[in-house]
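Naming convention: chains lettered A, B, ... in sequence-line order (proteins, then strands); numbering from 1 in each chain.
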Amino acid sequence: MKQLVRTRIAPSPTGNPHVGTAYMALFNLAFARRNKGSMILRIEDTDRARSTSESESAILDSLRWLGIEWDEGPDKPGKFGPYRQSERLEIHQSIVGRLVEQGDAYPCFCTSERLNQVRKEQIANKETPRYDRHCLNLSKEEIEKKMDRGDPYVIRMKVPQEGECIFTDELRGEVRIDWKQIDHQVLQKSDGYPTYHLANVVDDHMMEISHVIRGEEWISSTPKHILLYQQLGWDAPSFAHLPLLRNPDKSKLSKRKNPTGIFYYRDAGYLPEVMLNYLGMMGYTLPDQREIFSLDELSESFDIKRMSLGGPIFDLAKLKWLNGRYLREKLSEDDVVERLIQWKLNTTKFKNILPHALQRLENFSDFIPLTEFLFNEHPEITLENLIGKLDPGQAAKLLKICEWELEKVKNWHRDEIFCLFQDLAKTEEKKLKEILPLFFQAMSGKSISLPLFDAMSILGPDLVRVRLRKALGLLNSEGVGLSKKGLKVLEKEYQQKYGNRID
RNA sequence: GUCCCGUUCGUCUAGUCAGGUCAGGACACCGGGUUUUCAUCCCGGCAACAGGGGUUCGAAUCCCCUACGGGACGCCA
């Protein structure tokens, strides 16, 4: 009797929906459909500090926009819920309790300061950073004493000292990793929430996931997961690790180097079915090698063994070409009109824009030139206009700081952006008026345009980030940007003045 | 640094499992044609089996080593 195929995607709601998530979702879905199984969407929100419900709904929206459908999820109750890990806390804690009782896990009272110190020393001694098992052999009395005192603690897993973990990756075959390489991973944090490793094993088991299809980045922690399955007496699912999408420099796709937000592509005017089609040709070809295909066509013949394992570079040029082909081959003219309206040429969007444009209009024909940059993926900018009266180095610095600061914006609204610029000007000891032309240019390529903060809020974080980066790129290519050294210096300075970066 | 994974045109890839066609297609690029411009479209061109050893009559394909690239090494996922 063949086991029912159940796959899952497990995004963590900690930021902008990422094309990598869509990439994994696509193949999980294709695999599930091909095998008449189901795909589950599970929200991995065990990081209480970073998870937000805005991000969660953004992820759901972005996947829906792409046409990715799940059979069970937080919005689609099924037999195996809840589908949000934060709502499964009791389950996770009881399993952790069981592991402790069995002697497969133990409490650890080490402070993060101590851990950092140990890690530092290990790196200095050229050792592999790893938990030194300081708390492994605490006596019952000691543990009780510390707990009674209310000392914060985590629960760590116990890992064999000898031998190796051997598991089969569906795509790569046998993988062997020495248990010595595996750290005594934290299973439960001091706030009582499980870590990914614990929660994902427990939930995959309880949700009867048959195939774990995830990114290559997880290979090295798979032994931890296998061990947990063993300790809990559960059968492990099959594992298939897909290659990671890459930047043009071959590093793992990151928003610092590439637009990685799903909404970037939506807002820049790409069709969702093109995104899926394009993602589908990253690491995969249909047996007949056709290049234009729908999700259904992909699913119909999908064979995971056909995945190629080299990390594919996400190439905007080919994506653009593909989108062009859909526009002129797959859609009728009526369709295109309809989709164009859906995109930005609609009343809602115009109503959004008009208040900021109205004072600057004399007749209708002013509207398009004035707002053109809101509809343009890449407005043209020139070095001279960009810099204006600023010193080029200063301009580069401001753009970079702004890019970093913008990452901290929680609610992408005019007012918050305004505050950010006020602080920026103050901290850099400039008048707001002095620094704004730079950003007008970076956003619109013009000096006559809409109010900056409103324009930025309409553009959204993804398009804004790319524009800032493009301006920075222009400075660099003209040899007046930030050098590598300059960037390092700036980073330090930034940290002092603005605090840590997040990205 | 340690471990793991990977490597076919600049890019996405076919071919690898079952060794035997000048290594095929697509993007990009270059050239030509159609088009009042541009784009589309059509035709053509450039361009790769990372390197070295084996096994074999024969290796992109099987084995080993090296190099290079990537990933992991968090109370992130």
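Close to B:C12, at under 4.0 Å from its OP1 or OP2, lies no side-chain N or O of A:Arg290. Proximity of A:Thr46 to the phosphate of B:A77: a side-chain N or O atom is located under 4.0 Å from OP1 or OP2. Between A:Lys252 and B:A72, a side-chain N or O to OP1/OP2 separation shorter than 4.0 Å is present. Applying the 4.0 Å criterion to OP1 and OP2 of B:G6, one finds that A:Lys250 has every side-chain N and O outside that range.
If you check every strand for non-hydrogen atoms under 4.0 Å, A:Pro312 touches sugar and phosphate atoms only. At a threshold of 4.0 angstrom between heavy atoms, the contacts of A:Lys189 include nucleobase atoms, whether or not backbone atoms are also involved. Residue A:Glu44 is classed as a sugar-phosphate contact, given heavy-atom separations below 4.0 Å to backbone atoms only. Heavy atoms of A:Ser308 sit under 4.0 angstrom from primed sugar atoms or phosphate atoms, though from no base atom. Counting any heavy atom pair closer than 4.0 Å across all strands shown, A:Cys110 reaches a base atom. If you check every strand for non-hydrogen atoms under 4.0 Å, A:Arg214 touches nothing.
We find that CD1 of A:Ile177 is positioned 16 Å from P of B:U2, with the value rounded to whole Å. Summarising the geometry, the separation between CD on A:Glu333 and C1' on B:U40 is reported as 13 Å, rounded to the nearest angstrom. If you take CZ of A:Arg246 and P of B:G71, they are 7 Å apart, rounded to a whole angstrom. The distance from atom NZ of A:Lys224 to atom C1' of B:C76 is 12 Å, rounded to the nearest whole Å. Rounded to an integer number of Å, the gap from A:Glu216 CD to B:G69 P is 16 Å. The CE-P distance, from A:Met281 to B:C12, rounds to 11 Å in whole Å. Atom C1' of nucleotide B:U2 and atom CD of A:Glu164 are separated by 16 Å, given to the nearest angstrom. One can place CZ of A:Arg156 at 13 Å from C1' of B:C73, the figure rounded to the nearest angstrom.
Listed candidates were B:C5, B:G24, B:G74. Nearest to the side chain of A:Arg119 is B:G74. Comparing B:U11, B:G74, B:C76 by their closest approach to the side chain of A:Pro129 singles out B:G74. The side chain of A:Glu217 lies closest to B:A77, out of B:C5, B:U40, B:A77. Here the side chain of A:Arg328 is nearest to one of B:C41, B:C76, B:A77, namely B:C41. The side chain of A:Val175 lies closest to B:C5 when the candidates are B:C5, B:U11, B:A77. Here the side chain of A:Gln181 is nearest to one of B:U2, B:G15, B:G25, namely B:U2. Ranking B:A77, B:G24, B:U13 by closeness to the A:Thr285 side chain, first place goes to B:U13.
Comparing the C1' positions of B:U55 and B:C62 gives a spacing of 8 Å, expressed to the nearest Å. If you take atom P in B:A23 and the same atom in B:A59, they sit 15 Å apart, rounded to whole Å. Distance noted for atom C1' between B:U13 and B:G54: 30 Å (whole Å). A distance of about 11 Å separates the C1' atoms of B:A47 and B:A28, rounded to the whole Å. When the P atom is used for both B:U2 and B:A14, the distance is 33 Å, rounded to whole Å. Remark: the separation of the C1' atoms in B:C27 and B:C46 is 14 Å, to the nearest Å. When the P atom is compared between B:C64 and B:C22, the two are found 29 Å apart, to the nearest whole Å. To the nearest whole angstrom, the two C1' atoms, one in B:A60 and one in B:A48, are 10 Å apart.
For B:G74, there is no paired nucleotide, since no Watson-Crick or G-U wobble pair has both relevant distances below 3.5 Å. Shown here, B:G6 forms a base pair with B:C68; the pair counts as Watson-Crick or G-U wobble because both key distances fall under 3.5 Å. Across every strand in view, B:U61 sits unpaired, with no contact that passes the Watson-Crick or G-U test at under 3.5 angstrom. Remark: B:C38 base-pairs with no nucleotide; criterion is Watson-Crick or G-U wobble with both hydrogen-bond distances under 3.5 Å.
Taking the six-membered ring where the residue is Trp, A:Trp218 and A:His225 present tilted rings, their angle falling between 30° and 60°. Between A:Phe302 and A:Phe31, the angle of the ring planes goes over 60°, which puts this pair in the perpendicular group of the 30/60° scheme. Below 30°, between 30° and 60°, or above 60°: for A:Phe167 and A:His241 the angle between ring planes is above 60°, a perpendicular geometry.
For A:Arg6 and A:Phe80, the positive end sits near the middle of the six-membered ring, less than 6.0 Å away and at most 45° from its axis.
Checked against the 6.0 Å centroid criterion, the rings of A:Tyr264 and A:Tyr270 do not qualify as a close aromatic pair. Here A:Trp404 and A:Tyr498 keep their ring centres 6.0 angstrom or further from each other.
Where A:Thr128 and A:Val186 each meet RNA chain B at their nearest nucleotide, the meeting point lying more 5' is that of A:Thr128. Nearer the 5' end of RNA chain B, as judged by each residue's closest nucleotide, is the contact made by A:Tyr284, out of A:Tyr284 and A:Pro194.
Residue-environment remark: CG (A:Asp235) stays at or below the threshold of 12 foreign heavy atoms within 6.0 Å.
In summary, of the residues considered (A:Thr7, A:Ile40, A:Leu60), a side-chain contact (heavy atoms from CB on, under 4.5 Å) with A:Trp70 occurs for A:Leu60 alone.
We find that A:Glu72 and A:Arg8 are not joined by a salt bridge, their nearest charged nitrogen and carboxylate oxygen being 4.0 Å or further apart.
Between the side chain of A:Lys318 and the base of B:A26, at least one donor-acceptor pair of N or O atoms lies under 3.5 Å. In terms of polar N and O atoms assigned as donor or acceptor, the side chain of A:Ser220 never comes within less than 3.5 Å of the base of B:C4 in a complementary pairing.
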